[in-house]
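Worksheet: the structure to be examined is printed underneath.
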Amino acid sequence: MDFIDSLNQQQQKAVTAELGQVLILAGPGSGKTRVLTHRITYLVQYLGVAPYKILAVTFTNKAAREMKSRVEEMVGANLRGIWLGTFHSTCAKILRREASYLPFGSNYIILDSDDQIAIVKNIIKEENINDKQYRPYNIHSAISNAKNNLQKPEDVPIQTFRDKIIQRVYEKYQQVLLNNNAVDFDDLLYWTVRLFEDYPSVRESYARQFEHILVDEFQDTNLVQYSLLKHLSSYHGNLFVVGDEDQSIYRWRGADYRNMLRFEEDFPKNTKILLEDNYRSTQLILDAATSVIDKNENRTPKDLQSTRKAKGNKIILHEAYDDRDESVFIVDTIRRLINHGRNKGSDFAIMYRTNAQSRLLEEAFLKAGLEYRLVGAQRFYGRKEIKDLIAYLRLVHNPSDELSLGRVINVPKRGIGAKTWQSISISAKAANISVGDMLMDLGLNSRDSQYWDEISSRSVAKLAYFGKQLVNWVESKEDLHLPELLSMIIDETEYELYLEENSSTKENSIDRLANVHELKRLTFEYEELGIETFLENMALVSDQDTLPEVAEAPTLLTLHAAKGLEYPVVFIAGLDQEILPHSRSLFEPEELAEERRLFYVGLTRAEDQLYLTRADRRSGYGSYVDCEPSEFLKDIPDELLEFAGRPGTTRHHHKTATNTKWNSYVGPTRGASRGFRMSKPKAPKPRTAQLYQPGMRVQHASWGEGIVMDSRIIGNEETVDIAFEDYGFKKVLASIVKLDILK
DNA sequence: GCGTTACATATTTTT
DNA sequence: TATGTAACGC
């Protein structure tokens, strides 16, 4: 078994552990992904297990893809048939197959969180519930909690009036979803468990199939996921889970790290293996991380040992006047290190608690003329234009999808307003058909339609026109590939024109057009897979999943998104009370503990160098708010820290009297003399003449017309990003590709 | 049905 | 700041 030679003893023990229940407690950087991939390889290659008998669950789709390709590399064969994905995608697959047992069809749609909240909001309105007192967001999360605890509406324990409201809304909410052949994220898991519990024979068939089940990030499973695993492993009982209670950061989503304890109780014969060797960070970083996490209770203390020889550089702490300065400091430092040739752009990551913090950082990067890549933030799939177009595709895929129809029936504006919508909804209900079907009947038969006169609205003709379009798309979908279908819809609705006319600024409109082009480009990847797979992936694939690994550029991301990643140099920004820990976590010890874990996750992402930054004041809603240092900073021993001061100023004295350690940083420090310059960011490098500007229309001999999305000089070459109308996105060098600029 | 306006309000993380 | 929404007038 030479493929495990490169592993340490504990890792080898994990990979070759006996069948049955195995729990791997894996500290950060201890190579748990390697253990998982090697374990699968071990199963396939040495135990001869057929791939389709293996189910491996990861936290993101990206992790699943990577794992698959790594194992395939090791095995030297294709792993056709292996079930490798997230809990959600695995369940989605099962539900599509077994839809005949369920109260929805196999072509169900998956709602995103905006849709979910919107539905709750509607119900609250319809039911005349006070939306100030019962905020849609909160009610929704209560419903989500209920589902994560496997409660039906009638199972919701009623203690307060609020519970009653929740129950009522939950019930209605579920009706709306089922009426629309829709499920939400929680439903994917919830219905799968229901399926297994209500139909033992179905459970049996899956349990028999999955001889081996492996789970990554086990500490972030919730109750539904846990019972899912129990059901799925109920026949063979081979359950191999990997996790670290200290890295559990999804409590708010129902995750419960105590599943790790539960696992040991439920499977007393389990094998437990601890991985403590850390291959990632310097010992100094690990010491700091340990002293932070040790403050949490109810955990197994761990002794993280670095395999690296050098103890490592101290953690550099910087306090800025305000959040703008903080960003400038970070970008300046990065630029300095790159200029020194010490690091390349992709060595850096900047992590923060909330997405909103990325804005000032982005500005600082732009000013400095440095590239960066941003994970998440304004989600691509959450953008209005993307959601509109996906709603069109959903509608064509299933004309009875009323939620999607409602979304697009008047986008772009076609004179069908709320009144008309109400009117056709009522008629459809009376006729016992879906609104989409009625619409199409109007489209097909015009005045001869039996429904024509029924609809008491002046806009029947408009409805009929749209119905006709819909009929046409539905008929065409058989003959067209997905990209063609999408283009057809965009053309016939004049969607791009609508975007141009309805965007606040020119830039904004270019941005949104670029999104549309990006969506078009994406559909090309689904020419073969088809519309169904496309729609499912649109709902379940996260932004991290699709983030191109391009560019030698620093990465900006939230601490949550950083889980599982590592970088040579890590900045954690916003180490202020009410930011990290977040203000909403301060009253609940469990939540505060989770904030601490979040910080711990961030700290342990760093390989060589850590920077922590904070600011005395931050811009809130329009005005500045004073900030105090994060309480977590106190827990890092002085000797591991070095203070990067503000040249030319006296340090601000914090009023936090209890924070004695903190005050010990006051005064001149070595950090300050190390040449940190707080200079104003220089203007972007003067550029050699740039031929192309964003927004220009260009023509290429074979690719046809396109619009310039971006253009920049790299080295001496002008690189141009162009979205071609029919060929999607292309990156070209201006000097090589011949382009004509159209007026 | 739609555009304009004033006014309130403030979601942390993401499958 | 920035975003949504209720109300109004055309």
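Because only heavy atoms are used, hydrogens play no part in the values below, and waters and symmetry mates are left out as well, while side chains stay in.
- A gap of 16 Å separates the P atoms of C:dG4 and B:dT13, to the nearest Å.
- If you check every strand for non-hydrogen atoms under 4.0 Å, A:Ser583 touches nothing.
- For A:Gln357 and B:dT11, the CD to C1' distance is 14 Å, given to the nearest whole Å.
- The base of B:dT13 lies close enough to the side chain of A:Arg353 for a donor and an acceptor atom to sit less than 3.5 Å apart.
- Within the structure, every side-chain polar atom (N or O) of A:Thr60 is placed at least 4.0 Å from both OP1 and OP2 of B:dT15.
- Scanning atom types as modelled, one donor and one acceptor separated by under 3.5 angstrom connect the side chain of A:Trp252 and the base of B:dT13.
- The ring pair (Phe, Tyr, Trp, His ring centres under 6.0 Å) check on A:Phe185 picks up nothing, with sequence neighbours excluded.
- Along DNA chain B, the nucleotide nearest to A:Arg458 and the one nearest to A:Asp186 differ in position, and the one closer to the 5' end is contacted by A:Arg458.
- For A:Ala561, counting side-chain heavy atoms from C-beta on, the closest listed nucleotide (B:dT15, B:dT14, B:dA10) is B:dT14.
- Taking the 5.5 Å centre cut-off and the 30° plane limit, the aromatic side chain of A:Tyr250 is not classed as stacked on B:dT14.
- The stretch residues 114-131 of chain A touches DNA chain C through A:Lys121, A:Lys125, each having a heavy atom under 4.0 angstrom from the strand.
- Classification of A:Glu594 and A:Arg597 as a salt-bridged pair holds, one side-chain N sitting under 4.0 Å from a carboxylate O.
- Rounded to whole angstrom, the span from the CZ atom of A:Phe59 across to the C1' atom of B:dT13 amounts to 10 Å.
- The distance between atom CG of A:Asn537 and atom P of B:dT15, rounded to the nearest whole Å, is 13 Å.
- In this structure, A:Asn222 does not reach the B:dT15 phosphate: none of its side-chain N or O atoms is under 4.0 Å from OP1 or OP2.
- A residue-by-residue look at A:Thr86 and A:Glu591 shows that A:Glu591 has its nearest nucleotide of DNA chain B further toward the 5' end.
- Surrounding OH of A:Tyr134 are more than 12 heavy atoms belonging to other residues, nucleotides or ligands, all under 6.0 Å away.
- Here the C1' atom of nucleotide B:dC2 and the CG atom of A:Asn502 are 12 Å apart, to the nearest Å.
- Distance from the side chain of A:Ser113 is smallest to B:dT15 among B:dG1, B:dT12, B:dT15.
- Residues that satisfy the side-chain contact (heavy atoms from CB on, under 4.5 Å) test with A:Arg96, not counting sequence neighbours, are A:Tyr108, A:Ile110, A:Glu532, A:Glu536.
- Listed nucleotides B:dG1, B:dT12, B:dG3 differ in distance to A:Thr420; the shortest reach to its side chain belongs to B:dG1.
- In this structure, A:Ile249 places its CD1 atom 13 Å from C1' of B:dT15, rounding to the nearest Å.
- At whole-Å resolution of the value, CG in A:Asn355 and P in B:dT11 are 15 Å apart.
- Contact annotation: A:Arg584 side-chain N/O to B:dT11 OP1/OP2 distance is under 4.0 Å.
- Using a 4.0 Å heavy-atom cutoff across all strands shown, A:Asn410 reaches sugar-phosphate atoms only and no base atom.
- Residue contacts for A:Arg359: at a heavy-atom cut-off of 4.0 Å it reaches the sugar-phosphate backbone alone, with no base atom in range.
- Between A:Arg135 and B:dT9 there is no side-chain polar atom (N or O) within less than 4.0 angstrom of OP1 or OP2.
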Only pairs under 3.5 Å count here: list side-chain donor-acceptor contacts from residues 119-129 of chain A, not counting sequence neighbours, and write none if there are none.
unit_1, atom_1, unit_2, atom_2, d
A:Glu127, OE1, A:Arg168, NE, 2.9

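- In this structure, A:Tyr173 has its ring center at least 6.0 angstrom away from the ring center of A:Tyr170.
- Nucleic acid contact for A:Lys132: sugar-phosphate only, since backbone atoms but no base atoms lie under 4.0 Å from a heavy atom of the residue.
- Heavy atoms from other residues, nucleotides or ligands lying under 6.0 Å from CZ of A:Arg262 number more than 12.
- More than 12 heavy atoms of other residues, nucleotides or ligands shown are found within 6.0 angstrom of CZ on A:Arg162.
- Judged by a 6.0 Å distance limit and a 45° cone about the ring axis, A:Arg414 is not positioned over the six-membered ring of A:Tyr465.
- Between the NE2 atom of A:His140 and the P atom of B:dT12 there is a distance of 17 Å, given to the nearest Å.
- Remark: C1' of B:dT14 and CD of A:Gln247 are 17 Å apart, rounded to the nearest angstrom.
- Along DNA chain C, the stretch of nucleotides lying under 4.0 Å from any heavy atom of chain A spans, 5' to 3', C:dT1 to C:dA6.
- Remark: A:Lys387 engages A:Asp115 in a salt bridge, criterion side-chain N to carboxylate O under 4.0 Å.
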Can you list, pair by pair, the side-chain donor-acceptor contacts under 3.5 Å of residues 584-592 of chain A, counting residues two or more places apart and other chains?
unit_1, atom_1, unit_2, atom_2, d
A:Ser585, OG, A:His582, O, 2.7
A:Glu588, OE2, A:Arg251, NH2, 3.2

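- For A:Lys413, counting side-chain heavy atoms from C-beta on, the closest listed nucleotide (B:dT14, B:dC2, B:dA10) is B:dC2.
- Residue-level contact check: A:Ala539 touches neither bases nor backbone, having no heavy atom under 4.0 Å from any strand.
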